[in-house]
Structure formats: structure tokens, C-alpha cells
Amino acid sequence: MAIVRFSPWREIDSLQKEMNRVFDNFAPYLNGEEKGIAFTPAAEMEENHDAIDLKLEIPGLEAKDVDVQVTAEAVAIKGERRQEVKTEEKGMTRSEFRYGAFQRVISLPARVQNDQVKAEYKDGILHLHLPKAEAEKNKVVKVNIG
């Protein structure tokens, strides 16, 4: 077990970054302008010998509202959840849904054949099947023993 020197400044810096991240997600205003609540789709990735399967949870959208771009090393997903305009003469309307544009870039653990990607969007789940590049499938790494 390695001995690590305690540095309170490193701990404070780490805590500040975490707090900034939390407040960025919930702050309704940024520089005096309404920002809204940030929406980041949840992702699940599974890798096997031949491919990477990526699932993203983006409910409430239609396939035409989602833009997916794949490079050999990453997947970029953009979209926008539009708010339905409702007005009521009497009474109150309350909404906790998140609206607005979102974007997420996910780095892939291996290079993929981005021209062979298959996508399916069903029940609010976007499923991407990303076949690995041939060089990644046959990659053998020599391990040196001390």
C-alpha cells in the first residue's frame, strides 16, 4: 500500500469542483439569464469481444428530435425536449419535467467501425450497437513480467 501525503488544499479543491457540478445542474439562472435545469441522459455501456452496446435513456422524445454522431472513439448525442404550451384560465399548472436542449459525449473504450453502427429507439431508450474495428478485435498485447 502506497503512502500518500495528506493535502487539505487538494481535498478542498476536489470538494469545490463537486459542489460546482451539483449547483450547475440545479441553478435556474446563469449570469442573470434563465438557464433551466440541465438534463443529461443516463447511459449504460456493455462491451464484448465484437462490439460495444450503448443504451441511453431519453424519454419523451421522438426519433427525429435526436441527433447521434459517432466517431471511431466517441458518441455524441444531441437533442431537445420541447415544452408543450398550456394555459389555463383558472387554477394552477405545475410541471417538474425538464425541457430544453441537451448534449452528451461518451468516450468509447475501444475504436469502432462508425459506418456500421445500428440504432434503435423504442420506449424512450436509444440502443446503439457499435461493432469494434478489426484492429481492436485482434489486438494482442505482450505483457512483460518484472
Side-chain angles (χ1 to χ4, degrees), residues 1-86 93-146:
M1 182 173 184
I3 296 175
V4 178
R5 184 178 296 251
F6 175 72
S7 171
W9 301 116
R10 183 176 32 220
E11 298 298 321
I12 290 171
D13 186 48
S14 175
L15 179 62
Q16 181 181 13
K17 287 178 183 175
E18 184 67 21
M19 293 300 291
N20 287 343
R21 188 186 64 77
V22 168
F23 283 114
D24 283 345
N25 287 338
F26 293 108
Y29 295 93
L30 179 64
N31 297 330
E33 296 180 17
E34 188 170 346
K35 175 181 148 184
I37 297 176
F39 169 68
T40 304
E44 186 175 275
M45 186 183 312
E46 184 178 330
E47 179 182 9
N48 59 40
H49 180 70
D50 296 323
I52 299 170
D53 288 312
L54 179 63
K55 291 187 216 175
L56 287 116
E57 186 178 41
I58 45 177
L61 293 176
E62 295 181 29
K64 65 180 177 68
D65 294 329
V66 180
D67 177 35
V68 179
Q69 297 180 6
V70 181
T71 66
E73 295 91 17
V75 175
I77 297 98
K78 295 180 190 176
E80 183 173 1
R81 186 178 291 159
R82 293 179 179 83
Q83 184 173 12
E84 297 174 14
V85 178
K86 277 201 238 180
T93 303
R94 179 178 172 161
S95 176
E96 294 181 358
F97 288 0
R98 296 177 180 173
Y99 297 100
F102 66 88
Q103 177 178 350
R104 180 154 187 197
V105 178
I106 300 171
S107 298
L108 299 172
R111 293 181 62 84
V112 297
Q113 297 175 358
N114 59 340
D115 58 341
Q116 301 292 320
V117 175
K118 294 181 182 166
E120 178 185 3
Y121 182 67
K122 183 178 177 185
D123 297 330
I125 305 292
L126 174 64
H127 181 135
L128 298 174
H129 181 76
L130 307 147
K132 288 185 179 178
E134 289 299 321
E136 292 293 325
K137 289 182 192 176
N138 301 324
K139 187 177 186 179
V140 176
V141 178
K142 178 164 176 48
V143 178
N144 293 324
I145 301 174

- Task: Search all heavy atoms of P131 against all heavy atoms of A51 and return the closest pair with its distance.
- Result: CA-CB, 3.9 Å
- From CD1 (I106) to CD1 (I52), nearest 0.5 Å: 11.0 Å
- Item | Working for side chain to side chain contact (heavy atoms under 4.5 Å, CB included), residues I125 and E57 | CA-CA 5 Å; I125 305 292; E57 186 178 41; 4.1 Å; yes
- Would you mind reporting whether E47 and K132 have side-chain heavy atoms less than 4.5 Å apart? yes
- Item | Q113 side chain reached by E134 side chain, heavy atoms, under 4.5 Å | yes
- Item | Contact check, side chains of H129 and D53, non-hydrogen atoms, under 4.5 Å | yes
- Message: How long is the straight-line distance from CG of N48 back to CD of E46, given to the nearest 0.5 Å?
- Response: 6.5 Å
- Message: Walk me through whether M45 and L54 qualify under side chain to side chain contact (heavy atoms under 4.5 Å, CB included).
- Response: CA-CA 5 Å; M45 186 183 312; L54 179 63; 4.1 Å; yes
- Hey, what do you get for CD1 (I58) to OG1 (T40), rounding to the nearest 0.5 Å? 12.5 Å
- Nearest-0.5 Å distance, CD1 of residue I12 to CZ of residue R10: 12.0 Å
- Item | Atom pair CG (N114) and CD (E73), whose distance is rounded to the nearest 0.5 Å | 8.5 Å
- Query: Do F102 and L61 have side-chain heavy atoms sitting under 4.5 Å apart?
  - Reply: yes
- Query: So do the side chains of L128 and K118 get within less than 4.5 Å of each other, counting heavy atoms only?
  - Reply: no
- For the atom pair CG (L56) and CD (E44), what is the distance rounded to the nearest 0.5 Å? 10.0 Å
- What closest approach, in Å, do T71 and L108 show between heavy atoms, and which atom pair accounts for it? O-CD1, 4.4 Å
